[in-house]
Amino acid sequence: MNNITYKNGNVYIDDVKNFDLAMTLDCGQAFRWKEDNGVWSGVAFGKRLKISKENESIVFFDTSKEDFENIWSDYFDFSRDYGKIIDDIKSDEILKKASDFGYGIRILNQEPFETLCSFIISQNNNIPRIKGIIDRLCKKYGQKIDDGLYSFPDAETLSKLTANDLSDIRMGFRAKYIIDASQKVASGEVNLSDLFSLDTDTARTELMKIKGVGPKVADCTLLFSLKHFDAFPKDVWIKRAVEVLFPQGLPECANGYKGIVQQYIFYYSRSGNLNI
DNA sequence: TTCCAGGACCGGG
DNA sequence: CCCGGTCATGGA
């Protein structure tokens, strides 16, 4: 990341490559970002952020150098060269098309517990309703950060609840799963921070100790928060797309990049470009 | 009214 | 191992 300026309480990055706010924040990996007149607002790691892009320059409004370096730089995965990834996978014709289309997607490094809960809630659900459930959960059990903005609740808080307590959140059959996840995380039975350094298969097995966490929810947690860039979440869209596009499996050039390749295929197929 | 949504669990074969 | 039914909720 070159050309970072700290001025008037804002952080500016000039000439940003492979970073589109809408593609990254609204592609289904995160559920708490909202756009208003080109400005995206959200909360992560207990901090609020307003961010926009003007003339190839990204502005982080009201953000200290400390928060940028400690939180946002890693959150937006700025240390990874997505241009090189796209370059490496373009030898496959289909991956070239998909990555050209989703060129601005970056993998977010989100809070593990929030990501785990979000994708538990996502099962057999649609995105608008997922967002609504998470919003109500944060408003009721998170900490107030600013007017109308709340942090994602921590595991200790949620571990003390019953399914009945969560009835007004209207998450349905997933409530018991959220409580089980919270209890296992709060007690240390599942130690999320340990999972960064474990190999992907072992980390997935650990996550699947939680009720309501199968391979897909586990892989989303691994990819979108635990830095397992090789995780490849298989939802209904990906299954359909891979069946049609890669009946004999992913091409070799995808090795090492399966996580972002999954996002390119997901974004591409959901855009309607595949006709499947 | 019925169907479906970034799935997982459960039972039975 | 694989299959179908089931699980809450709400918008289309």
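In what follows, chains carry the letters A, B, and so on, assigned in the order in which the sequence lines appear, proteins first and then strands, with residues in each chain numbered from 1. Keep in mind that the numbers below use all heavy atoms, side chains included, and drop hydrogens, waters and symmetry copies.
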Using a cut-off of 6.0 Å, state whether more than 12 heavy atoms not belonging to A:Lys140 lie near its atom NZ.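 Result for NZ/A:Lys140: enclosed.
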I'd like to know whether NZ of A:Lys53 has more than 12 heavy-atom contacts from other residues, nucleotides or ligands below 6.0 angstrom. yes
Before giving the answer on salt bridge (charged side-chain N to carboxylate O under 4.0 Å, His left out), spell out for A:Lys176 and A:Asp180 the whole-Å C-alpha distance, their side-chain angles and the decisive distance to 0.1 Å. CA-CA 6 Å; A:Lys176 55 183 179 290; A:Asp180 188 64; over 6 Å; no
Quick test: give all pairs of protein nitrogen or oxygen and nucleotides 11-13 of chain B nitrogen or oxygen below 3.5 Å, distance rounded to 0.1 Å.
none

Partner of A:Ile178 by side chain to side chain contact (heavy atoms under 4.5 Å, CB included), out of A:Ile133, A:Ile121, A:Leu161, A:Leu116: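 It is A:Ile121, the one option of A:Ile133, A:Ile121, A:Leu161, A:Leu116 that forms the side chain to side chain contact (heavy atoms under 4.5 Å, CB included) with A:Ile178.
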Name of the residue among A:Ile130, A:Ile179, A:Asn125 meeting side chain to side chain contact (heavy atoms under 4.5 Å, CB included) with A:Arg174: A:Asn125
Just how far, in rounded Å, is [atom2] of [N] from [atom1] of [X]?
{"X": "A:Ile121", "N": "C:dC7", "atom1": "CD1", "atom2": "C1'", "value": "16 Å"}
{"X": "A:Ile133", "N": "C:dA8", "atom1": "CD1", "atom2": "C1'", "value": "9 Å"}
{"X": "A:Lys239", "N": "B:dG6", "atom1": "NZ", "atom2": "C1'", "value": "10 Å"}
{"X": "A:Leu137", "N": "C:dA8", "atom1": "CG", "atom2": "C1'", "value": "16 Å"}

Between [X] and [Y], is there a side-chain N and carboxylate O pair less than 4.0 Å apart?
{"X": "A:Asp26", "Y": "A:Lys131", "value": "yes"}
{"X": "A:Lys239", "Y": "A:Asp235", "value": "no"}
{"X": "A:Lys96", "Y": "A:Asp92", "value": "no"}
{"X": "A:Arg204", "Y": "A:Asp201", "value": "yes"}

Kindly indicate whether a cation-pi arrangement holds for A:Arg80 with A:Phe229, taking the cut-offs as under 6.0 Å to the six-membered ring centre and within 45° of the axis.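 Here A:Arg80 passes the 6.0 Å and 45° test against A:Phe229.
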P gap between C:dG10 and B:dA8, integer Å: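 That atom pair is separated by 22 Å.
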Taking atom P in both B:dG6 and C:dC2, what distance in whole Å separates the two?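 Comparing P positions in B:dG6 and C:dC2 gives a spacing of 26 Å.
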Nucleic acid contacts of residues 110-119 of chain A, taken as heavy-atom distances under 4.0 Å to DNA chain B: none
Not counting sequence neighbours, which residues clear side-chain hydrogen bond (donor to acceptor under 3.5 Å, both in side chains) with A:Thr157? List them please.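 Checked A:Thr157 against side-chain hydrogen bond (donor to acceptor under 3.5 Å, both in side chains); matches are A:Asp154.
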Tell me every residue that passes side-chain hydrogen bond (donor to acceptor under 3.5 Å, both in side chains) with A:Asp199, counting only those two or more places apart in sequence or in another chain.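 Checked A:Asp199 against side-chain hydrogen bond (donor to acceptor under 3.5 Å, both in side chains); matches are A:Thr202.
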Any N/O pairs under 3.5 Å between the protein and nucleotides 10-12 of chain C? List them or say none.
| unit_1 | atom_1 | unit_2 | atom_2 | d |
| --- | --- | --- | --- | --- |
| C:dG10 | OP1 | A:Arg170 | NE | 2.4 |

For nucleotides 7-9 of chain B, print each protein N/O atom paired with a nucleotide N/O atom at under 3.5 Å, atom names and distance only.
| unit_1 | atom_1 | unit_2 | atom_2 | d |
| --- | --- | --- | --- | --- |
| B:dG7 | O6 | A:Asn124 | ND2 | 3.1 |
| B:dA8 | OP1 | A:Gly214 | N | 3.1 |
| B:dA8 | OP1 | A:Gly214 | O | 3.2 |
| B:dA8 | OP1 | A:Lys216 | N | 3.1 |
| B:dA8 | OP1 | A:Val217 | N | 2.9 |
| B:dA8 | O4' | A:Gln123 | OE1 | 3.2 |
| B:dC9 | OP1 | A:Gly212 | N | 3.0 |

At under 4.0 Å, does any side-chain N or O of A:Arg270 touch on OP1 or OP2 of B:dG6? yes
Is there a side-chain hydrogen bond (donor to acceptor under 3.5 Å, both in side chains) between A:Tyr82 and A:Asp77 once you walk through the steps? CA-CA 9 Å; A:Tyr82 283 79; A:Asp77 208 24; 2.5 Å; yes
